[in-house]
Engineer: 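Okay, handing you the structure first.
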Amino acid sequence: MQTEGEIGGGFAMSNRCLLRIVTFLLVTASPPALASPSELEIVNIRIGQGDATLVQGPADPHGKRITVLFDAGDDADYDGSRIIAAVLSKRRIRHIDYVVISHYDADHIGGVITDRSRHGVSFLYGRDGVPGSVGDDDNDGKAEWVGVPDQRPDPEEFGTGDDITVGTFVDRGDEENKDTPQYRRYVEIASAKGNRFSLDTQSKLNSFTIDLGGGASMVPLASSGRVRGAQSIVPNVDTENERSVSMLVTFNKFDFLVSGDLIGRKHGAEDAQVERAVGQRIANDSRIVDVLHVNHHGANNASDETFLELIRPTIAVISHGNVASYKHPNVNALARLEAARVYRIIQTKWGTTDVSLSNTAIKNIQAIYQGDVVISSDGEEYTVSTSRTYRADTNPRRP
C-alpha cells in the first residue's frame, strides 16, 4: 500500500510496494524543510477539494518576510481552516500581509469564514476559535456576532488576542452582487477593519502590486475578465470561475502563476477565454512560467492548449481532492499538459480522474505527492519539495 508522502502515478513500481528511486522527488518521513531566509517560498497546501497557497518573500535584513495567502478553501471532507492554521503555526506566522481571494466559491473562501454546520471556524480566530481576546460585553469570551450572518464583526474584538491579523484583504469586488451566506460572511470579515481592497476597476488592476521584498513581487494579471494593461474586458465573462483573480509571482528569472478557477475552454454556459488573455500578457512580457498552479483543479474547461504554449510551464501543480462528483483531474487536461511538454505534473491527492489513465506518456511525468507541495527559489534556481534543483526558464523536455 502507498502511504502518505509517497509518490504515485508513473513513479510507482508494478507491485506498488516499492518505489523507483528517482532524482525528481526524494521521499522522506519528515516534511520538507523550510526555505532559507534569502529565498522565496511557495506552499501549495494540500487542502482537499479546494485551493490555498501560501507565499513568503525573501527576508529583509531584520528577518521580516512579506506573507500572502492566496485562497483559503475547504471541502466536505477537510476542515480547511484547521489545515491552514497548522501550516501557519509551523512557520510561526501570526500576521498575514495580504489575503487574496480569487473568487467566492466555498472551496476558495471556506477557511476564512465561520459556518459551523459546514466550514467550521475561521483560521483567523486563532487557537481558541473565537475572534478577539477573552472577555467582551457579555463576558462570555465571544464577540456577539459569531454565527450571526447579518451582523458585522466587532472591529474592537476581531484581530486581538490570539487571532491571526491581516494587513489587507484583496478580491475581485462584488459586481455580481452575490447573495450567498459564504459571500456575506467573507465581506463581514474582510471589511471589519476597513482593510478590504477590490480589483474592481481597470486602473486598480493596472497599478496594484504586492512587493514581496528582495526583488520579488506578486502582480495581478486578471480580475473579473479584466486583464492587466488591456484596453477592453474579455467578452462573455459570466460565472464565478471566469471572474477569478490571476496573480503572477516573479523573482528574477523565476515565475509562478496561480489563478483560482480561471478557465479558457467552452463548457456549458462558460465561454470566456480569460486564460488565453493572461497567457498572452505573460508572453508579451517575455516571461516563462516555471511553475503553474493548474487552474480549476485540473478540470477539462481549463488548461487550454494555446494558454499552455504561451506560458510554457515546466512544473504543473494540481490541488484537488478525491471527490467523485468532480472527477478532477480530467484526463484531457492531463493530456494537454503532457502535450505542452510539462516536465512534471504533481498532484496533492490521487483525485478521481473520469477514465482509467492508460496514457503512458502522462504516467511518466505524473507524481502524486500526498502532501503540501513546497517550492523555494533564489531567483535563479528553484526546488520542489525535497526535490532536485532546476534552473529557472529551462525545461528538460523542451529542445
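Everything quoted here is computed from the prediction, not taken from an experiment.
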Engineer: For the side chain of Arg398 and the backbone of Ala340, is there at least one donor-acceptor N/O pair under 3.5 Å apart?
Structural biologist: yes
Engineer: Is there a path of hydrophobic side-chain contacts, each under 4.5 Å between heavy atoms of I/L/V/M/F/W/Y residues, joining Ile288 to Met218?
Structural biologist: no
Engineer: Cut-off 3.5 Å, side chains only: do Thr209 and Arg228 have a donor facing an acceptor?
Structural biologist: yes
Engineer: Which distance, rounded to the nearest 0.5 Å, do you find between the OH of Tyr183 and the CG of Asp174?
Structural biologist: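 Going from OH on Tyr183 over to CG on Asp174, the span is 3.0 Å.
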Engineer: Would a distance-only check, ignoring hydrogens and angles, find a side-chain to backbone donor-acceptor pair under 3.5 Å from Asp162 to Arg127?
Structural biologist: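 Yes: the side chain of Asp162 pairs with the backbone of Arg127.
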Engineer: Side chains of Arg172 and Leu199: does their closest heavy-atom pair fall under 4.5 Å?
Structural biologist: no
Engineer: Is the backbone of Val166 close enough, under 3.5 Å, to the side chain of Asn195 for a donor and an acceptor to pair up by distance?
Structural biologist: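 Looks like yes, one N/O pair under 3.5 Å.
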Engineer: Taking the side chain as every heavy atom from C-beta outward, state whether Leu88 and Ile96 have any atom pair closer than 4.5 Å.
Structural biologist: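 Contact flag for Leu88/Ile96 side chains = yes.
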Engineer: Who pairs with Ala52 by side-chain contact (heavy atoms from CB on, under 4.5 Å), at least two apart in sequence or on another chain?
Structural biologist: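 For Ala52 the side-chain contact (heavy atoms from CB on, under 4.5 Å) partners, ignoring immediate neighbours, are Ile45, Ile47, Ile84.
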Engineer: For Ser102 and Ser244, does a side-chain donor sit closer than 3.5 Å to a side-chain acceptor?
Structural biologist: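 Side chains of Ser102 and Ser244: no pair found under 3.5 Å.
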Engineer: With no hydrogens and no angle check, just 3.5 Å: does a side-chain donor-acceptor pair link Thr250 and Ser217?
Structural biologist: yes
Engineer: Testing the basics here: between Ala333 and Asn300, what is the closest heavy-atom pair and its distance to 0.1 Å?
Structural biologist: N-OD1, 4.1 Å
Engineer: Give the intermediate values and the outcome of salt bridge (charged side-chain N to carboxylate O under 4.0 Å, His left out) for residues Glu39 and Arg65.
Structural biologist: CA-CA 10 Å; Glu39 292 183 316; Arg65 305 180 74 171; over 6 Å; no
Engineer: Between Leu257 and Ser246, is the side-chain contact (heavy atoms from CB on, under 4.5 Å) condition met? List the steps.
Structural biologist: CA-CA 7 Å; Leu257 182 65; Ser246 172; 3.6 Å; yes
Engineer: Between His103 and Asp105, is there a side-chain donor-acceptor contact under 3.5 Å, judged purely by atom types and distance?
Structural biologist: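 Their side chains do contain a donor-acceptor pair, which is all the 3.5 Å distance test asks for.
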Engineer: Treating Asp372 as the side-chain partner and Arg46 as the backbone partner, does any N or O pair qualify as donor plus acceptor under 3.5 Å?
Structural biologist: yes
Engineer: Search all heavy atoms of Ala302 against all heavy atoms of Asn295 and return the closest pair with its distance.
Structural biologist: CB-O, 3.6 Å
Engineer: Would you say NZ of Lys253 has more than 12 non-hydrogen atoms from neighbouring residues, nucleotides or ligands within 6.0 angstrom?
Structural biologist: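 No, the 6.0 Å shell around NZ holds no more than 12 heavy atoms from other groups.
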Engineer: Please give me the minimum heavy-atom distance between Ser38 and Pro58, naming the atom from each residue.
Structural biologist: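 Residues Ser38 and Pro58, closest heavy atoms: O-CB, 3.6 Å.
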Engineer: Once you round to the nearest 0.5 Å, how far does NE2 of His293 lie from CZ of Phe256?
Structural biologist: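 With rounding to 0.5 Å, NE2 (His293) is 6.0 Å from CZ (Phe256).
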Engineer: Does the side chain of Thr314 come under 3.5 Å of the side chain of Asp290 through a donor N or O and an acceptor N or O?
Structural biologist: no
Engineer: Side-chain contact test, heavy atoms from C-beta onward, threshold under 4.5 Å: evaluate it for Val249 versus Phe70 and give yes or no.
Structural biologist: no
Engineer: Quick one: closest heavy-atom pair of Ser377 and Tyr382, and the distance?
Structural biologist: CB-CB, 3.7 Å
Engineer: Is there a side-chain contact between Ile42 and Thr53 in this structure, where contact means two heavy atoms from C-beta onward sitting under 4.5 Å apart?
Structural biologist: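 Side chain of Ile42 against side chain of Thr53, heavy atoms only: contact under 4.5 Å found.
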Engineer: How far apart are the closest heavy atoms of Ala316 and Val294, and which atoms are they?
Structural biologist: CB-CG2, 3.7 Å
Engineer: Answer yes or no: is there a donor N or O on one side and an acceptor on the other, between the side chain of Asp378 and the main chain of Glu380, under 3.5 Å?
Structural biologist: yes
Engineer: Atom CD1 of Ile362 and atom CG of Leu334: how far apart are they, to the nearest 0.5 Å?
Structural biologist: 5.5 Å
Engineer: Give me the one residue out of Val373, Val43, Ile346 that meets side chain to side chain contact (heavy atoms under 4.5 Å, CB included) with Ser385.
Structural biologist: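 Of the listed residues Val373, Val43, Ile346, the side chain to side chain contact (heavy atoms under 4.5 Å, CB included) partner of Ser385 is Val373.
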Engineer: Would you say Glu275 and Ile263 make side-chain contact, with heavy atoms under 4.5 Å?
Structural biologist: no
Engineer: Go through the steps for Val234 and Asn236 under the test side-chain contact (heavy atoms from CB on, under 4.5 Å), then give the verdict.
Structural biologist: CA-CA 7 Å; Val234 176; Asn236 302 320; over 6 Å; no
Engineer: Does the side chain of Arg91 come within less than 4.5 Å of Leu54's, by heavy atoms?
Structural biologist: yes
Engineer: Under 30°, 30 to 60°, or over 60°: which ring-plane class applies to Tyr186 and Phe169, parallel, tilted or perpendicular?
Structural biologist: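 The arrangement is perpendicular - the two ring planes meet at more than 60°.
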Engineer: So does Arg82 have more than 12 non-hydrogen atoms from other groups sitting under 6.0 Å from CZ?
Structural biologist: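 At most 12 heavy atoms, drawn from other residues, nucleotides or ligands, come within 6.0 Å of this atom.
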Engineer: For Arg276, check salt bridge (Lys or Arg N to Asp or Glu O under 4.0 Å) against everything at least two apart and list the hits.
Structural biologist: Asp304
Engineer: Salt bridge between Glu338 and Arg397, side-chain N to carboxylate O under 4.0 Å?
Structural biologist: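 Salt bridge flag = yes for Arg397 with Glu338.
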Engineer: For Gln202 and Val227, indicate whether the former's side chain and the latter's backbone hold a donor-acceptor pair under 3.5 Å.
Structural biologist: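 Pair found, side chain donor or acceptor close to backbone of Val227.
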Engineer: When you compare the side chain of Leu69 with that of Tyr98, does any pair of heavy atoms fall below 4.5 Å?
Structural biologist: no
Engineer: Is a donor on one side and an acceptor on the other found under 3.5 Å between the side chain of Arg243 and the backbone of Asp238?
Structural biologist: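 Answer holds: yes.
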Engineer: Checking side-chain polar atoms at under 3.5 Å, does Gln56 have a donor or acceptor matched by the opposite partner on Thr67?
Structural biologist: yes
Engineer: Rounded to the nearest 0.5 Å, what separation is found between the CG atom of Leu40 and the CD1 atom of Ile375?
Structural biologist: 9.0 Å
Engineer: Check Arg336 with Glu309, please: is the shortest side-chain N to carboxylate O separation under 4.0 Å?
Structural biologist: no
Engineer: Between the side chains of Asn44 and Ser319, is a donor N or O closer than 3.5 angstrom to an acceptor N or O?
Structural biologist: no
Engineer: Which heavy atom in Asn206 sits nearest to a heavy atom in Gly229, and how many Å separate them?
Structural biologist: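 Result for this residue pair: OD1-N, 2.8 Å.
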Engineer: To the nearest 0.5 Å, what is the distance between OG on Ser223 and CG on Leu221?
Structural biologist: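 Reported to 0.5 Å precision, the distance equals 11.0 Å.
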Engineer: Please check if Phe208 and Ile233 belong to a single hydrophobic cluster, counting links between Ile, Leu, Val, Met, Phe, Trp and Tyr side chain heavy atoms closer than 4.5 Å.
Structural biologist: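 Hydrophobic grouping puts Phe208 apart from Ile233.
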Engineer: Could you check His296 against Asn241 for side-chain contact (heavy atoms from CB on, under 4.5 Å), going step by step and ending with a plain yes or no?
Structural biologist: CA-CA 8 Å; His296 200 193; Asn241 293 339; 3.5 Å; yes
Engineer: Is it possible for you to say whether Tyr343 and Phe254 belong to one hydrophobic cluster, with membership spreading through side-chain heavy-atom contacts below 4.5 Å?
Structural biologist: yes
Engineer: Go through it in stages, so that I can follow the logic: the residues are Ile189 and Tyr125, the test is side-chain contact (heavy atoms from CB on, under 4.5 Å), and I'd like the CA-CA distance, side-chain angles, deciding distance and then a yes or no.
Structural biologist: CA-CA 11 Å; Ile189 289 177; Tyr125 296 169; 3.9 Å; yes
Engineer: For the atom pair CD (Gln273) and CD (Glu242), what is the distance rounded to the nearest 0.5 Å?
Structural biologist: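 Rounded to the nearest 0.5 Å, the CD-CD separation comes out at 10.0 Å.
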Engineer: Counting N and O atoms only, with roles assigned by atom type, does the side chain of Asn330 sit under 3.5 Å from a partner on the main chain of Asn332, one being a donor and the other an acceptor?
Structural biologist: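 Side chain of Asn330 to backbone of Asn332, a donor-acceptor pair under 3.5 Å: yes, one is there.
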Engineer: Quick one: are Asp261 and Glu240 in side-chain contact, heavy atoms under 4.5 Å?
Structural biologist: no
